[in-house]
2 protein chains.
Amino acid sequence: MLHKNDKSRLSLVDKAYVEIRRRILEDNWQPGYQALEEAIARELDMSRTPVREALIRLEREGLVEIMPRRGMRVVAISSTDMCDIYEVVTVLESEAAARLARLRPDKKFLAPLNASVEAMDKALEKDNLKAWAKADEAFHANLLKLCGNARLAQMGMSVQDRIKRARLATLNERPVPYRSNDDHRALIEAIMEGDVEAARRIHTQHKQNAMQMITTILKQREDDDLDE
Amino acid sequence: MLHKNDKSRLSLVDKAYVEIRRRILEDNWQPGYQALEEAIARELDMSRTPVREALIRLEREGLVEIMPRRGMRVVAISSTDMCDIYEVVTVLESEAAARLARLRPDKKFLAPLNASVEAMDKALEKDNLKAWAKADEAFHANLLKLCGNARLAQMGMSVQDRIKRARLATLNERPVPYRSNDDHRALIEAIMEGDVEAARRIHTQHKQNAMQMITTILKQREDDDLDE
DNA sequence: TTTATTTTTAACGTATACATTATAATCTGA
DNA sequence: TCAGATTATAATGTATACGTTAAAAATAAA
């Protein structure tokens, strides 16, 4: 487990972890997908042992569940679970936003946030929702990274992973997200003005809107599945 | 990894996980303690494999770090890290408190919370700080469990584990915690009245006081260590 | 045909073997 | 004696072997 080393000397556990995680987060392995250790090991051209170890990590992160004799299964996206998770991420990110506002940072410090919003604007000009989602994700990651609390950032990021798939899966069914871009710009404004409560309120509202849209779509799908 | 089975059929991984975790949380293995896989395996009377797997879980939970050729090391308690973690747990628990207040639960539903406060009172009458800490911990766990958001509870609990050692390590250096008991009673009161903002405020203030006391003691110790 | 029982198969958890390599110990030269 | 080089050791990561047992398949009975 040389998991602290550079990329060229990644252990097989790390390689398995990165690859499996990639397949899940990029939806190559969809929610509910199952695979046995041995099959994964064959696919990744390694023995079972590093696959096992990678799966333990991923299980702890909530991306897979390990079911004896069924192998691992990619955790399903459920609307009720997503509601719960969204609430957590809303609290964490809004605290990060408030914290950042308290810091009263200068424009230079907030450059990564502005860059993300610009990339989001550009993506919408080109009708490229995928690129928009990527830039949006970067905005949220930057918000957490800049907030000055390492644990808050780490935890916020790990919860992000859990909602990432739901965000992508619903991307084409949501209205064009102009409002997201506006929300982020307003947030940056509030942060620069050191307006802690506004920052918290703007971001909370933003996440709640997103949650509403996403979980409504998910619920609809679940209802459709029940009708079949 | 029959980690979902009953206790009598715990896998060796589960056994190792439970035992190592117990030793850390009960301070038998103190912050900074190092041990090699092989040594742990010998101590637990099993081969290295289940020990490795247990350590991966514990690493993901932030209790240990795995360092090649040095084995695992129990994560140190640092005042700055504790500040960060306390901020996270404050946000999570305060949200749980607010959520609970929103629910406007009846007295019966809140029985576990009242029971914990009573146990805390009883422990202080007997000058038993250890028992007090245990009841206090139960109070916080119950608060999370009752809040109605499974993810919030799960995450709050996992962050609890990270501060548990710092709480215990500083227990005898803090003033007798009458105020904690009062705070918890006030919180229950606010919850029963459905006063969301009071609940949030009371609990936030409570956690911030605790954080202040604990991290001050930790910082003092770190400064003392530097003087040696 | 269906259900129950028995047998077989293979997935998993665990132990062990082995190659790699980081680190400790030892040796050599100034 | 000290610093650098070399050698030895052992910790780790990985592969593989093996025993256990859950699940699948086959067989028998109703």
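Lettering follows sequence order; numbering is per chain, from 1. These numbers come from the heavy atoms of this one structure, side chains and all, not from hydrogens, waters or symmetry mates.
The nearest whole Å value for the distance from the CZ atom in B:R57 to the C1' atom in C:dG13 is 12 Å. The CD atom of A:E38 sits 14 Å away from the C1' atom of C:dG13 (whole-angstrom rounding). Going from atom CD1 of B:I66 over to atom P of D:dA11 covers 16 Å, rounded to whole Å. In this structure, A:I40 atom CD1 and C:dA11 atom P are separated by 12 Å, rounded to whole Å. The interatomic distance linking A:I56 (CD1) with C:dG13 (C1') rounds to 11 Å, in whole Å. Per the geometry, CE belonging to B:M67 stands 17 Å off C1' belonging to D:dG13, to the nearest Å. Atom-to-atom, CD of A:E37 to C1' of D:dT14 comes out at 14 Å; the value is rounded to the nearest Å. Across the protein-nucleic acid pair, A:R48 atom CZ and D:dG13 atom P stand 18 Å apart, rounded to whole Å.
At the phosphate of D:dG13, OP1 or OP2 sits under 4.0 Å from a side-chain N or O atom of B:R52. Under 4.0 angstrom from either OP1 or OP2 of C:dT14 there lies no side-chain N or O belonging to B:T49.
No donor-acceptor distance shorter than 3.5 angstrom exists from the side chain of A:D14 to the backbone of A:L10, with no hydrogens or angles considered.
Picking from C:dT16, D:dG13, C:dC12 the nucleotide with the shortest atom distance to the side chain of B:P68 gives D:dG13.
At a threshold of 4.0 angstrom between heavy atoms, the contacts of B:R70 are confined to the sugar-phosphate backbone, with no base atom among them.
Classification of the B:H140-B:H184 ring pair by plane angle, with boundaries at 30° and 60°, yields perpendicular.
Checking A:P50 against B:M72, the closest nucleotide of DNA chain D that is more toward the 5' end is the one next to B:M72.
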Below 3.5 Å between N/O atoms, which protein atoms pair up with nucleotides 5-10 of chain D? Just atom names and distances, please.
none

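Judged by the 6.0 Å distance and 45° axis criteria, A:R60 is positioned over the aromatic ring of B:Y17.
Side-chain contact between B:Y33 and B:R73 is absent, with no heavy atoms from C-beta onward closer than 4.5 Å. Residues B:L25 and B:L63 are in side-chain contact: their nearest non-hydrogen atoms beyond the backbone lie under 4.5 Å apart. Under the 4.5 Å side-chain criterion, counting only non-hydrogen atoms from C-beta, B:M72 is not in contact with B:L58. Within the 4.5 Å cutoff, the side chain of A:M213 has no heavy atoms near those of the A:T170 side chain.
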